[in-house]
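Below is one structure, written out as C-alpha cells; the observations come after it.
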2 protein chains.
Amino acid sequence: MKLTSKGRYAVMALVDLARFDNINPVSLRDISLRQGISLDYLEQIFSKLRKKEIVQSVRGTQGGYVLNKKAKEIKLTNIFDAVDEKVKTVQCKKESKKGCNGKSTKCLTHNLWDELENHINNFFEKKSLEDLIKDNVERRI
Amino acid sequence: MKLTSKGRYAVMALVDLARFDNINPVSLRDISLRQGISLDYLEQIFSKLRKKEIVQSVRGTQGGYVLNKKAKEIKLTNIFDAVDEKVKTVQCKKESKKGCNGKSTKCLTHNLWDELENHINNFFEKKSLEDLIKDNVERRI
DNA sequence: TGATACTTGACTATTTTAGTCGGGTATATA
DNA sequence: TATATACCCGACTAAAATAGTCAAGTATCA
Ligand code: FES
Ligand code: FES
C-alpha cells in the first residue's frame, strides 16, 4: 500500500499555502521552489483543488491561490478526494453484490478489507489542515 | 492508496488454508479453485510464505501446504511482510536525514506521513489469522 | 511408473504514476 | 497600451509497478 506523490504533494502544497496566505495569494511558482515540486505537476493538482472549492485562484500578476475555507474545515479527506487519491482495498465495486474476478459472491476476507478501508479513512477524516500547521509551529520547522 | 492483489490474495489464501488444514495439507490447486486465484500466481505467493516460515510444504501426491504456526500467532503484519506488501507513505529512505527529491531536509508534512504509516501498521499488527477465521464462522460465510 | 503437486526463474502485457509540453487567457503595473 | 506574470487546459509520454503467464524442473505417493 502506498501513498502516491500526487496525494502527498497536494497536502504539502496546501500546508505551504496555508502558512503564507495571510495577505496575498501564493503563486505555484513559489510553492514549487519552496517544496521542490514540479510546477507543471502542481498546476494539475491545483486545478483539481479549485474545482472542489478547496482553493480559489487569482489570475494575473501578483496572482496565485488562496484557501477557500478555513484551515480547520479542510480535512485530509477533502484534499485526497479532490485529487482522486482514494483508499482502495478491493477491486470489486462496493455497491455490487458480486465479488472480485467476476465471482458471484464476496470473498472470505471482504469484511476485513472494509474494516481496513474505514480504519484508514478515519485517520483522514480527523486531520485538518489546521492540525498540520499547528504541528509545524510546535516543531519550529 | 491501494492494497495490491498480491497482498489480498495472500491473506485470502491463508484464511482458506487455515480453515481446511485440520488433518491434511491443502493443495494450491484447491485454493485456486475455491478462491478464484490463478494457480501460477499462488505458487509465487506461497513460495514467499514458505521462506518466511508462515507455511510448510508437503511435496508429492496428496501434498500441499500447512500452517507452520498457530493461527493466533500469524498476524497480518507477518503475511504482508512475507509477500513484500509494505506500507509506504513516503519516497525518501526512513533512516536517511535527507528528504524526497534529493532535498537536504525532511518535508513539512513528514511527521504526518509517519503517523499515517503507524496508524495503518497498527491495524495489521492487531489482526491475526485466528481473528479472521472466527469472524467467518460467526457470519457463517 | 505415473500422476500429483511443490519449486524456480524468466518473461510479458497491462495499468498506473509522475510527470512534460504546448498552447492558451486574465490581470496588474510600468 | 505593452509586457510580464501567473493561472488554465488538454494531450502526450517515459518509466515503474502490477498481475500475471510460461517452461522446465524435483519429490513423493499409490
Ligand atoms: S475483495 Fe472483491 S470480493 Fe472481496
Ligand atoms: S516525505 Fe520525503 S521528505 Fe517528507
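Naming: A, B, ... by sequence-line order, numbering from 1 per chain.
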Let's go through L76(B) and L116(A) carefully: what are the C-alpha distance in whole Å and the side-chain angles of both, what is the deciding distance for side chain to side chain contact (heavy atoms under 4.5 Å, CB included) to 0.1 Å, and is it a yes or a no?
CA-CA 11 Å; L76(B) 281 197; L116(A) 172 58; over 6 Å; no

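- More than 12 heavy atoms of other shown residues, nucleotides or ligands fall within 6.0 angstrom of atom NZ in K103(A).
- For dG19(C), one of the phosphate oxygens OP1 or OP2 lies less than 4.0 angstrom from a side-chain nitrogen or oxygen of Y9(A).
- One atom, CG of L28(A), and another, P of dC9(D), lie 13 Å apart when rounded to the nearest Å.
- Side-chain nitrogen and oxygen atoms of T61(A) include none within less than 4.0 Å of the OP1 or OP2 phosphate oxygen of dA26(C).
- Looking at the side chain of T4(A), the nearest of the listed nucleotides dT8(C), dT17(C), dC8(D) is dT17(C).
- Phosphate proximity of dC22(D) to Y41(B): absent, as no side-chain N or O sits under 4.0 Å from OP1 or OP2.
- The C1' atoms of five pairs define one axis at each end of the helix from dT1(C)-dA30(D) to dA30(C)-dT1(D), and these two axes lie 10° apart (to 10°).
- T77(B) places a side-chain N or O within 3.5 Å of a backbone atom of F124(B) that can act as its donor or acceptor partner.
- Side-chain N/O atoms of Q44(B) and base N/O atoms of dT7(C) include no donor-acceptor pair closer than 3.5 Å.
- Aromatic ring orientation, H119(A) versus F123(B): tilted (interplanar angle from 30° to 60°).
- Pairs passing the salt bridge (Lys or Arg N to Asp or Glu O under 4.0 Å) check and including a residue from residues 60-80 of chain B, sequence neighbours excluded, do not occur.
- Regarding contacts with the backbone of dT21(D), a side-chain N or O of S38(B) is found under 4.0 angstrom from either OP1 or OP2.
- Taking atom CD1 on I45(A) and atom P on dG19(C), their separation rounds to 9 Å, with Å as the unit.
- Put simply, R50(A) has no side-chain N or O that comes within less than 4.0 Å of OP1 or OP2 on dA6(D).
- Remark: S5(A) is not in phosphate contact with dT17(C), judged by side-chain N or O atoms under 4.0 Å from OP1 or OP2.
- Side-chain to base pairing of R59(A) with dT25(C): one donor and one acceptor N or O lie within less than 3.5 Å of each other.
- Rounding to the nearest 0.5 Å gives a distance of 8.5 Å between CG of L49(B) and OH of Y65(B).
- We find the CG-CZ distance between N121(B) and F80(B) to be 10.0 Å, quoted to the nearest 0.5 Å.
- Using a 4.0 Å heavy-atom criterion, one finds that Y65(B) contacts the sugar-phosphate atoms exclusively.
- Nearest nucleotide to the side chain of D40(B), out of dC22(D), dC8(D), dA5(C): dC22(D).
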Side chain to side chain contact (heavy atoms under 4.5 Å, CB included) between M1(A) and E85(B): does it pass, once the steps are laid out?
CA-CA 7 Å; M1(A) 306 203 76; E85(B) 171 80 41; 3.8 Å; yes

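- Taking atom CD of residue Q56(A) and atom C1' of nucleotide dA6(D), one finds them 16 Å apart after rounding to whole Å.
- Contact annotation: S27(B) side-chain N/O to dT4(C) OP1/OP2 distance is not under 4.0 Å.
- If you measure from atom CG of L39(A) to atom P of dC7(D), you get 8 Å, rounded to the nearest angstrom.
- If you measure from atom CD of E43(B) to atom P of dT26(D), you get 16 Å, rounded to the nearest angstrom.
- Rounding to whole angstrom units, CD1 of residue I37(B) and C1' of dT21(D) are separated by 16 Å.
- Put simply, NZ on K6(B) is 15 Å from C1' on dT21(D), counting in whole angstrom units.
- Comparing Q91(B) and V26(B) by the nucleotide of DNA chain C whose heavy atom lies nearest to each, the residue mapping closer to the 5' end is V26(B).
- Atom NZ in K51(B) sits about 15 Å away from atom P in dC6(C), given to the nearest Å.
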